[in-house]
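A short worksheet on the structure shown next.
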Amino acid sequence: MSNTENTKTSIEGAAATNFIREAVAEDLKTGRFPGVHTRFPPEPNAYLHIGHAKAIWIDYGIAREFGGLFNLRFDDTNPAKEEQEFVDAIIEDVKWIGAEFGDRLFFGSDYFEQMYQWAVELIKKNKAYVCDLSAEEVSKTRGNLSEPGQNSPNRDRTVEENLDLFSRMKAGEFPDGAKTLRARIDMAHPNLNMRDPVMYRILHQEHHRQGAKWKIYPMYDWAHGLEDSIEGITHSLCSLEYEDHRPLYDWFLDQLGIYHPRQIEFARLNMNYTVMSKRKFIELVRDGVVEGFDDPRLPTLAGLRRRGYTSASIKNFCDRIGVAKRDSLVDIALLEHYIREELNKTAPRVMAVLRPLKVVIGNYPAGQSEMIDCDNNPEDASAGKRQVPFGRELYIEQEDFMETPSKGFFRLSPGKEVRLKHAYYIKCLEAVKDDKGSIIELRCEYDPATKGGDSPDGRKVKSTLHWVSAADAVSGEVRLYEQLFTDPTPSTESPVNPNSLTALKDCKLEPGLRNAKPGEKFQFLRQGYFCVDSKNSTKDKPVFNRTVGLKDSWSKEHKK
RNA sequence: UCGGGGGUCGUCCAAUUGGUAGGACACCAGCCUUUGGAGCUGAGAACCAGGGUUCGAGUCCCUGCCCCCGAGCCA
């Protein structure tokens with residue numbers, strides 16, 4: 001345990017400690033547990049989101065820091081909601097995050113037989129009984145926050161009768177909902193979870209792994225502690241809403257007298273401008289509001305990955321938000337900070353014109369072209385240089401030109417000179433308009449002496465623009481994303497931001513981008529970080545997703 | 001109403017367990033710049049309230065206040 005001291009801080013020098021780490025260290029010190037073994041127990045009924053990444057990183061982090069083990073275990077106790085598709089997606093996501101579970105991949109449903117035996121044991125101890133009440137009746141007799149519940153009329157069945165009925169439930173003799181197995185605790189308990197909770201319900205439904213073998217399925221409260229116990233979990237970490245369930249978790253384990261892990265709860269992650277609700281995701285996908293669970297606007301891990309987030313940036317984020325018990329709302333700007341920080345160091349710079357405006361350089365010889373040396377990454381000299389074609393006709397960004405410049409605008413306008421990145425200074429002579437008066441082309445002249453972007457006479461320009469040679473440009477689609485919701489604290493009913501996706505269909509990309517691979521990440525100079533879409537991008541028609549924009553003090557100033 | 005939790009800069013998390021309240025993000029100012037990017041420097045900014053104990057309280061004790069979770073045969 002001497003290594004706990006220097007493993008306190010993980011990547012990026014995050015917060016020094018948290019209450020869970022301290023509790024685990026204490027348990028090791030007092031000998032409550034000889035080592036550390038954690039687990040991440042998703043139900044395979046949806047895709048994982050960044051809130052799960054936080055949980056995974058806590059579970060895995062605690063195991064790693066104390067030299068322990070980490071299991072991935074599917075809590076697949078409800079066949080009505082669970083599917084293999086989700087199992088596969090979750091495994092991929094957990095691996096992507098980098099929580100190593102080795103061969104410790106488990107399924108709660110594999111323990112059904114053992115759970116059944118333990119239930120029989122509880123019946124024999126007269127701690128559980130078969131109840132004939134309907135779901136509605138159970139609900140009605142449970143009481144409420146201020147009133148105690150009433151005992152089930154079947155609460156005092158004999159052990160023999162209970163054993164018989166329970167085995168017949170298992171055998172499939174009764175229809176769905178006809179009976180349940182309930183723990184005999186206390187219908188007047190102030191904690192509603194302790195009022196004779198249901199342990200098993202009858203479900204004539206095929207399980208994605210167990211097939212038609214089972215007609216009864218265990219409830220979460222009954223199953224979860226048993227799963228933890230079977231796997232020898234020491235610290236069963238979960239979110240705050242299970243605090244009320246801990247007494248029940250403990251009760252089952254104590255009644256059985258089996259190995260007893262310790263449950264510790266922490267606050268789940270909330271982020272502004274988004275929702276962390278599986279139900280909402282399913283709804284958005286079903287209604288076609290988003291493309292799928294991996295839509296880049298969703299905070300699912302699959303969505304973030306497709307958007308261009310790296311697992312490292314998500315882990316850095318998780319380390320920084322820490323672990324605590326109080327409710328919080330993390331600013332999504334923090335997540336964006338970590339992906340910018342990483343991509344600033346690693347993403348090659350390229351030029352792409354999103355909303356093209358043609359520029360014709362009158363004094364550049366017709367038919368001539370040349371290759372310009374461009375830095376791949378000013379943050380990283382080892383990234384080298386590449387050659388980009390330059391010619392008489394170019395595209396620049398529409399928003400980089402203003403016929404009558406507003407105050408503080410120092411890009412291109414008639415009579416003004418700017419630098420084309422890595423290339424030449426150009427001066428605008430004239431804006432050509434169509435019949436309707438829209439600007440369709442700029443007539444400019446360049447200064448051959450400024451090749452490379454410097455003027456020998458030392459004159460300065462206030463602005464540098466990105467550009468793409470018209471003759472060589474690759475056309476592609478660029479998808480710009482904004483927050484999924486305009487409401488900083490959306491409810492599940494909040495409308496989706498109508499501008500959450502803007503697809504620009506005819507962007508002009510520098511020719512090298514033709515060979516970009518799915519998932520490959522770039523900085524589009526002056527605009528942001530983009531990655532090749534992993535689903536819709538083709539060689540002929542590349543598609544890029546904007547991961548996050550560059551910080552933009554101009555637009556900030558402009559809004560004032 | 002009952003039970004379980006929780007209140008520290010705008011946001012998130014710390015404070016060696018009673019000894020100068022700190023970091024990150026965000027924001028603001030300045031510098032620098034062949035990305036209005038990046039980078040650098042600096043500033044502002046908090047202990048829910050009121051009592052008490054103590055030389056000394058974010059930390060211990062009282063009394064309030066506010067917030068979250070819980071009444072699925074979901075997890």
Side-chain angles (χ1 to χ4, degrees), chain A residues 12-18 22 41-43 45 75 77-78 80-81 131 133-136 138-140 142-149 176-182 189-195 197-203 216-217 219-221 223-224 238-247 265 267 269 272 278 317 319-331 333-338 340-341 344-345 349 351 375 378-379 408-411 419-423 452-454 460-466 523-528 549-558:
Chain A
E12 290 290 308
T17 189
N18 64 56
E22 284 174 3
E43 182 188 18
N45 68 343
D75 203 358
T77 57
N78 186 352
K81 294 173 146 190
C131 176
L133 257 29
S134 69
E136 200 184 329
V138 168
S139 167
K140 224 175 276 174
R142 185 161 18 235
N144 56 45
L145 297 184
S146 48
E147 284 166 35
D176 286 5
K179 295 184 189 314
T180 56
L181 183 74
R182 297 176 70 181
H189 199 108
N191 180 344
L192 269 41
N193 294 127
M194 300 296 272
R195 320 248 259 227
V198 171
M199 297 164 61
Y200 278 95
R201 75 283 217 187
I202 299 171
L203 243 34
I216 54 172
Y217 288 91
M219 297 288 290
Y220 169 86
D221 285 309
H224 202 86
C238 60
S239 49
L240 248 34
E241 65 261 35
Y242 293 101
E243 267 176 329
D244 280 350
H245 295 251
R246 179 161 19 98
E265 311 85 11
L269 169 67
N272 55 12
K278 288 179 175 182
F317 170 77
D319 282 331
R320 179 53 66 192
I321 60 175
V323 184
K325 299 193 75 158
R326 71 177 83 115
D327 295 318
S328 64
L329 184 67
V330 177
D331 192 340
L334 188 61
L335 212 213
E336 295 179 340
H337 162 76
Y338 281 108
R340 281 198 192 98
E341 178 184 69
N344 178 44
K345 291 180 199 133
R349 271 61 170 170
M351 293 193 285
D375 289 327
E379 302 291 315
F409 181 88
F410 40 87
R411 283 113 95 171
R419 170 167 44 234
L420 295 180
K421 179 77 176 176
H422 296 306
D454 272 318
K460 300 287 184 198
V461 288
K462 283 186 122 174
S463 185
T464 301
L465 309 186
H466 60 277
Q523 184 195 102
F524 286 3
L525 225 56
R526 301 206 300 137
Q527 306 193 94
L550 253 24
K551 289 213 253 176
D552 182 357
S553 58
W554 159 253
S555 67
K556 200 180 285 179
E557 186 75 22
H558 203 56

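In what follows, every heavy atom counts, from backbone to side chain, and hydrogens, waters and symmetry copies are set aside. Here is the naming used below: chain letters follow the sequence lines, and residue numbers restart at 1 for every chain.
- Taking the side chain as every heavy atom from C-beta outward, A:Tyr217 and A:Asn78 never approach each other to under 4.5 Å.
- Straight-line distance between the C1' atoms of B:G44 and B:U11: roughly 16 Å, to the nearest whole Å.
- For B:G19 and B:G58, the C1' atoms lie 13 Å apart once the distance is rounded to whole Å.
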Full working for side-chain contact (heavy atoms from CB on, under 4.5 Å) between A:Arg411 and A:Leu465: CA-CA 8 Å; A:Arg411 283 113 95 171; A:Leu465 309 186; 3.7 Å; yes
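- To the nearest whole angstrom, the two P atoms, one in B:G42 and one in B:G22, are 15 Å apart.
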Sugar-phosphate or base contact per nucleotide [nucleotides 66-75 of chain B; S, B, -; heavy atom under 4.0 Å]: --SBBBSBBB
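- Classification of B:U41 as anti follows from a glycosidic angle more than 90° from 0.
- Residue contacts shown for A:Val323 are limited to sugar-phosphate atoms, with no base heavy atom under 4.0 Å away.
- Summary of the strand contacts: A:His337 and A:Asp331 both lie near RNA chain B, and taking for each the nucleotide with the nearest heavy atom, the more 5' one is attributed to A:Asp331.
- A:Leu420 comes within 4.0 angstrom of nothing in the nucleic acid, heavy atoms only.
- As a whole-Å value, the separation of A:Glu243 CD from B:G4 P is 11 Å.
- With C1' as the reference atom, B:A21 and B:C47 are 8 Å apart, rounded to whole Å.
- Atom-to-atom, CD1 of A:Ile321 to P of B:C13 comes out at 8 Å; the value is rounded to the nearest Å.
- Taking the nucleotide of RNA chain B with the nearest heavy atom to each of A:Ser146 and A:Ala333, the more 5' of the two is matched to A:Ser146.
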Evaluation steps, side-chain hydrogen bond (donor to acceptor under 3.5 Å, both in side chains), between A:Arg419 and A:Thr464: CA-CA 5 Å; A:Arg419 170 167 44 234; A:Thr464 301; 3.1 Å; yes
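- Using atom P as the reference point in both B:C61 and B:G23, the two lie 29 Å apart (nearest Å).
- Counted by atom type alone, A:Ser134 and A:Glu136 present zero donor-acceptor pairs between their side chains at under 3.5 Å.
- With a 4.5 Å cut-off on side-chain heavy atoms, A:Asp331 and A:His337 do not count as touching.
- For B:A14, neither phosphate oxygen OP1 nor OP2 lies less than 4.0 angstrom from any side-chain nitrogen or oxygen of A:Arg320.
- Atom CG in A:Asp319 sits about 14 Å away from atom C1' in B:G23, given to the nearest Å.
- The P atoms of B:G10 and B:G4 are separated by 32 Å, rounded to the nearest whole Å.
- Put simply, the side chain of A:Glu341 reaches to within 4.5 Å of the side chain of A:Tyr338, judged on heavy atoms.
- Taking atom P on both B:C48 and B:C12, the two are 14 Å apart, rounded to the nearest angstrom.
- B:G72 adopts a syn glycosidic conformation, its chi angle falling within 90° of 0.
- Regarding A:Leu335, its CG atom lies at a distance of 19 Å from the P atom of B:A24, rounded to whole Å.
- Look at CD on A:Glu22: it is 15 Å from P on B:C13, rounded to the nearest Å.
- Contact detail for A:Leu329 and A:Asn272: the closest heavy-atom pair is CD1-N, 3.7 Å.
- Spacing of C1' atoms, B:C13 relative to B:G18, comes out at 22 Å, to the nearest Å.
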Letter per nucleotide, 5' to 3', of nucleotides 35-43 of chain B [B base touched, S only sugar-phosphate touched, - untouched; heavy atoms, 4.0 Å]: BBBS-----
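- Among the heavy atoms of the strands, none lies under 4.0 Å from A:His189.
- Figure legend. B:C28 is base-paired to B:G42; pairs are counted as Watson-Crick or G-U wobble with both atom distances under 3.5 Å.
- Summarising the base pairing, B:A57 is matched to no nucleotide, lacking a Watson-Crick or G-U wobble pair whose two defining distances lie under 3.5 Å.
- Counting heavy atoms from C-beta outward, A:Thr180 and A:Met219 have side chains that stay 4.5 Å or more apart.
- The distance between atom CZ of A:Arg326 and atom C1' of B:A46, rounded to the nearest whole Å, is 11 Å.
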Candidate pair A:Glu43 and A:Lys81, rule salt bridge (Lys or Arg N to Asp or Glu O under 4.0 Å), full reasoning: CA-CA 9 Å; A:Glu43 182 188 18; A:Lys81 294 173 146 190; 5.0 Å; no
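- Rounded to a whole Å, the NZ atom of A:Lys460 is 12 Å from the P atom of B:C32.
- Among the candidates A:Met199, A:Met194, A:His245, the single residue satisfying the side chain to side chain contact (heavy atoms under 4.5 Å, CB included) test with A:Asp221 is A:His245.
- Of all nucleotides present, none satisfies the Watson-Crick or G-U wobble test against B:C73 with each distance under 3.5 Å.
- The nucleotide B:G64 finds its pairing partner in B:C48, both defining distances of the Watson-Crick or G-U wobble pair being shorter than 3.5 Å.
- A 4.5 Å side-chain heavy-atom check between A:Gln523 and A:Leu550 finds at least one atom pair inside the cut-off.
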